[in-house]
Amino acid sequence: MKLTVVGCSGSFPSAESACSSYLVEADGFRLLLDMGNGALGELQRHCGLYDLDAIFLSHLHADHCIDMCAYFVARYYRHDGGRCDPIPVYGPEGTEQRLTTAYADTPSASSMSEVFDFHTVKPGSFEVGPFSVHTEKVSHPVEAYGIRVEHGGRSLTYSGDTGVCDTLDELARDTDLFLCEAAFTHGKENIPDLHLNGREAGETATRAGARRLVLTHIPPWTDPQTNLDHAREVFRGPVELATPRATYEI
């Protein structure tokens, strides 16, 4: 598998990065994990507008899904070649309604489903192209999911947005690459069931036995080096910060 960081900023885009969006590729299949603010523009550095094969939305906060409204425009109103066939979109219950409300002026109440084939995510396992996928509900104020993607005996686990929870530990068990949010700073923010800090991300990776940790979803007002240092204090494997356009072979 190949992982490309399309965007990794938390809560809102930074001067350097779009919000959360990660491209996973194998056997010519392209799966996008989240499409937050600014992600659609950055995505076009890595693949064509119409080259995605499936999209997974971890939850329905804007910094993880709002560029789906712009992507609707690109797919629905395409002139050359005609309207796109529906692309599978896996998201929490109410995803279609959320995007339709956010767009606010779709031609009809069902227009989104004319270019997006919506599938409701629940905890469990299923196949997406060549990938074996497992999703679990994580701790966040809205319905939110982490995802584990497996292919060829290798695994990638993406936390989505979450506080500390047992389901994330299990989802990341022995994973080859753990892409984990670290939005908060240890000793500064202490809000349960919302976000992880760098230390908690490192502790989760340690409990899970993850082989490699990549910290992501760090907001512009948070010092990423501090979170990286805190993660390294408790996780002994390789750990680094996600950066826009970084790629990983898994």
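Residue numbers run from 1 in the order of the sequence given.
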Please determine whether side chain to side chain contact (heavy atoms under 4.5 Å, CB included) holds for the pair F126 and H119, giving the CA-CA distance in whole Å, both sets of side-chain angles, and the decisive distance to 0.1 Å.
CA-CA 11 Å; F126 52 99; H119 300 261; over 6 Å; no

Hydrophobic clusters here meaning ILVMFWY residues chained together by side-chain heavy-atom distances under 4.5 Å, can you tell me if [X] and [Y] are in one?
X    : Y    : result
M35  : I87  : yes
Y90  : L33  : yes
I66  : Y103 : no
L241 : L3   : no
Y158 : L57  : no

Hey, mind stepping through E96 and T100 against side chain to side chain contact (heavy atoms under 4.5 Å, CB included) and telling me if it holds?
CA-CA 6 Å; E96 180 178 1; T100 300; 4.2 Å; yes

Would a 4.5 Å heavy-atom cut-off, applied to side chains only, mark [X] and [Y] as touching?
X    : Y    : answer
H140 : H61  : yes
V5   : Y248 : yes
V214 : L177 : yes
F56  : V128 : no
V115 : R78  : no
H59  : Y145 : no
R211 : D174 : yes
C180 : F235 : no

Flag, side chain of [X] to backbone of [Y], donor-acceptor distance under 3.5 Å:
X    : Y    : value
E181 : L196 : yes
D67  : G38  : yes
R148 : L171 : yes
D53  : R30  : yes
S110 : S113 : no
N197 : R199 : yes
T106 : S108 : yes
S21  : D34  : yes
H134 : G124 : yes
S9   : F12  : yes

Apply side chain to side chain contact (heavy atoms under 4.5 Å, CB included) to residues L52 and C47 and explain how you reach the verdict.
CA-CA 8 Å; L52 290 178; C47 72; 4.0 Å; yes

Looking at D166, I want to see if its CG is surrounded by more than 12 non-hydrogen atoms of other residues, nucleotides or ligands under 6.0 Å.
no

Nearest 0.5 Å, please: how far is [atom2] in [Y] from [atom1] in [X]?
X    : Y    : atom1 : atom2 : result
T247 : L23  : OG1   : CG    : 11.0 Å
L215 : T243 : CG    : OG1   : 12.0 Å
L156 : L31  : CG    : CG    : 9.0 Å
R207 : D169 : CZ    : CG    : 4.0 Å
L168 : E200 : CG    : CD    : 11.0 Å
E16  : C8   : CD    : SG    : 9.5 Å

Considering all heavy atoms, the nearest [X]-[Y] contact:
X    : Y    : result
A144 : D161 : CB-O, 4.0 Å
T120 : P92  : CG2-C, 4.3 Å
A18  : P13  : CA-CB, 4.3 Å
E114 : P86  : O-CG, 3.5 Å
N227 : F184 : ND2-O, 2.9 Å
M1   : V149 : CE-O, 3.6 Å

With no hydrogens and no angle check, just 3.5 Å: does a side-chain donor-acceptor pair link Y22 and T216?
yes

Before giving the answer on side chain to side chain contact (heavy atoms under 4.5 Å, CB included), spell out for T95 and L60 the whole-Å C-alpha distance, their side-chain angles and the decisive distance to 0.1 Å.
CA-CA 7 Å; T95 295; L60 300 180; 3.6 Å; yes

Would you call the rings of H230 and H186 parallel, tilted or perpendicular, taking 30° and 60° as the class edges?
perpendicular

Plane angle bin for F131 and H151 - parallel if under 30°, tilted between 30 and 60°, otherwise perpendicular:
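Judged by the thresholds at 30° and 60°, the geometry between H151 and F131 is perpendicular.
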
Set out, in order, the CA-CA distance, both residues' side-chain angles and the distance that settles salt bridge (charged side-chain N to carboxylate O under 4.0 Å, His left out) for E240 and R212, then state yes or no.
CA-CA 9 Å; E240 61 197 273; R212 185 177 188 180; 2.9 Å; yes

Sidechain N-carboxylate O distance under 4.0 Å for E93, K122
yes

Cation-pi check, R75 onto Y50 ring (under 6.0 Å, within 45° of axis)
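Here R75 fails the 6.0 Å and 45° test against Y50.
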
